[in-house]
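In what follows, chains are A, B, ... by sequence order, proteins preceding strands, each numbered from 1. Heavy-atom basis, side chains included; hydrogens, waters and symmetry copies ignored.
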2 protein chains.
Amino acid sequence: MSLRHAILVLLQDQEASGYDLAREFANSIGLVWNATHQQIYLELGKLSEQDMVRYRHVPQEGKPDKKLYSLTDAGRAELVRWLKKPAGPARIRDAFMVKVAGGALADTQLLLSELDILAKQRRERLATFEALAQRLDESGRDENVYNYLTVRRGILDQRAWLQWAEEVRRSLEHRSADSTAS
Amino acid sequence: MSLRHAILVLLQDQEASGYDLAREFANSIGLVWNATHQQIYLELGKLSEQDMVRYRHVPQEGKPDKKLYSLTDAGRAELVRWLKKPAGPARIRDAFMVKVAGGALADTQLLLSELDILAKQRRERLATFEALAQRLDESGRDENVYNYLTVRRGILDQRAWLQWAEEVRRSLEHRSADSTAS
DNA sequence: AAGTGCTGCGCAATCCGTTGTATACGCACT
DNA sequence: AGTGCGTATACAACGGATTGCGCAGCACTT
């Protein structure tokens, strides 16, 4: 259980609404930890019951009102406590990989077109991350080290995936050339 | 929900016991999809109720009896069906990354020592994967393409992580040098 | 005028996953 | 004799996560 802590980390720098957090989870942090809005609102509710966060109600014009959450001292203390204990191993769920592993039974053309779609998403993400990394690099490195490192992880991850995708493409195209030639 | 499918993929080539599967999940596939033995036994139970897999009871000497599971036609059909529909996006839970993102509040020395431990595990895994890739490459490439590609993913992933770890180390050591020098 | 999409919050049901506990035997080590 | 490890399976309880649904208003397009 540490969606809580991911939220606390995000709130550490700036106050944010549930909606803001959901967007961040879909982007930068999302590569490393993901959550849907329902989960986030639920967790924010629990956190504010436990006085780890507080919120102020912000009415808006043309948009629905929002709640801007920020850390309390107790929340910061909890975060510090959590940072001290060793993190568990990383867990992944990559359905596409499972499909490649079971590729012998799959339609190669289908796999290839799915690969294209995923590669496109990854390339877009890579571009976003690279732009972000440059911005962070230009505007003071030392203050943003931690954000910068997080983004770097995203960049290296996308690159590794894209490189792997190239290998997969070559192998699969090779195989499909074999079978269509027969 | 597709632990089911990961299991079906693994049973596609060879029959295996729950225990065997648990080991595979802890190693090769585990990088991409993880599960504990309880989860696996439970899922095998469901799968066999639904006639997706069957098992034969194998008594052993010196060891407990085991159940060797294999795919049924219905199981293979279900797998093919699943392979056709697009996979969802990959999900990750990497607590260490969250800690780095929240690094401003963390003890740098503690983060560094945790980094060491994780890097060591990754290096070991990398060695395992590289050995496995070589074996697959030597013993016929074309039959093992899918296994080979899966392992390649593991290799590229470990390398990307280790490269990132070096960047983190440099940044953190730089920071801790600053603070101890003051 | 209707449809689509974005901002924003939330409940309920169900399913997935983790953790704890249990059993059983053999082997090796202390 | 006791402890720990490896093989092998399984139940129960709890908490985390996904999916489905609902409300509400504004902006922009068709």
Look at the side chain of [X] and decide which nucleotide, out of [options], has an atom nearest to it.
| X | options | value |
| --- | --- | --- |
| A:Lys63 | C:dC9, C:dT7, D:dT9 | C:dT7 |
| B:Gln38 | C:dT7, C:dT21, D:dA17 | C:dT21 |
| B:His37 | D:dA10, C:dT18, D:dA8 | D:dA10 |

Protein-nucleotide distance ([X], atom [atom1]; [N], atom [atom2]), rounded to Å:
| X | N | atom1 | atom2 | answer |
| --- | --- | --- | --- | --- |
| B:Tyr19 | D:dC5 | OH | P | 13 Å |
| A:Ile40 | C:dC9 | CD1 | P | 11 Å |
| A:Arg91 | D:dG16 | CZ | P | 12 Å |
| A:Lys67 | C:dG8 | NZ | C1' | 11 Å |
| A:Leu42 | C:dC11 | CG | P | 8 Å |
| A:Glu61 | C:dG8 | CD | C1' | 16 Å |
| B:Gln39 | D:dC14 | CD | P | 19 Å |
| B:Tyr41 | C:dA22 | OH | P | 18 Å |

Whether A:Arg4 contacts D:dG16 is assessed here as follows: a side-chain N or O lying under 4.0 Å from the phosphate OP1 or OP2. Is that the case?
no
Could you check whether any side-chain N or O of A:Asp51 sits under 3.5 Å from a backbone N or O of A:Thr72, counting only pairs where one atom can act as donor and the other as acceptor?
no
Donor-acceptor contact present, side-chain A:Gln60 to main-chain A:Lys66, <3.5 Å:
no
5'-most contact on DNA chain D (nearest-nucleotide basis), B:Gly18 vs A:Asn34, goes to B:Gly18
Please state whether the base of C:dG17 and the side chain of B:Glu43 form at least one donor-acceptor pair under 3.5 Å?
no
When you look at CD of A:Gln134, are more than 12 heavy atoms from neighbouring residues, nucleotides or ligands closer to it than 6.0 Å?
no
Between the side chains of B:Asp20 and B:Ser17, does any donor sit under 3.5 Å from an acceptor?
yes
Ring geometry between A:Trp164 and A:Phe96 (parallel below 30°, tilted from 30 to 60°, perpendicular above 60°)
perpendicular
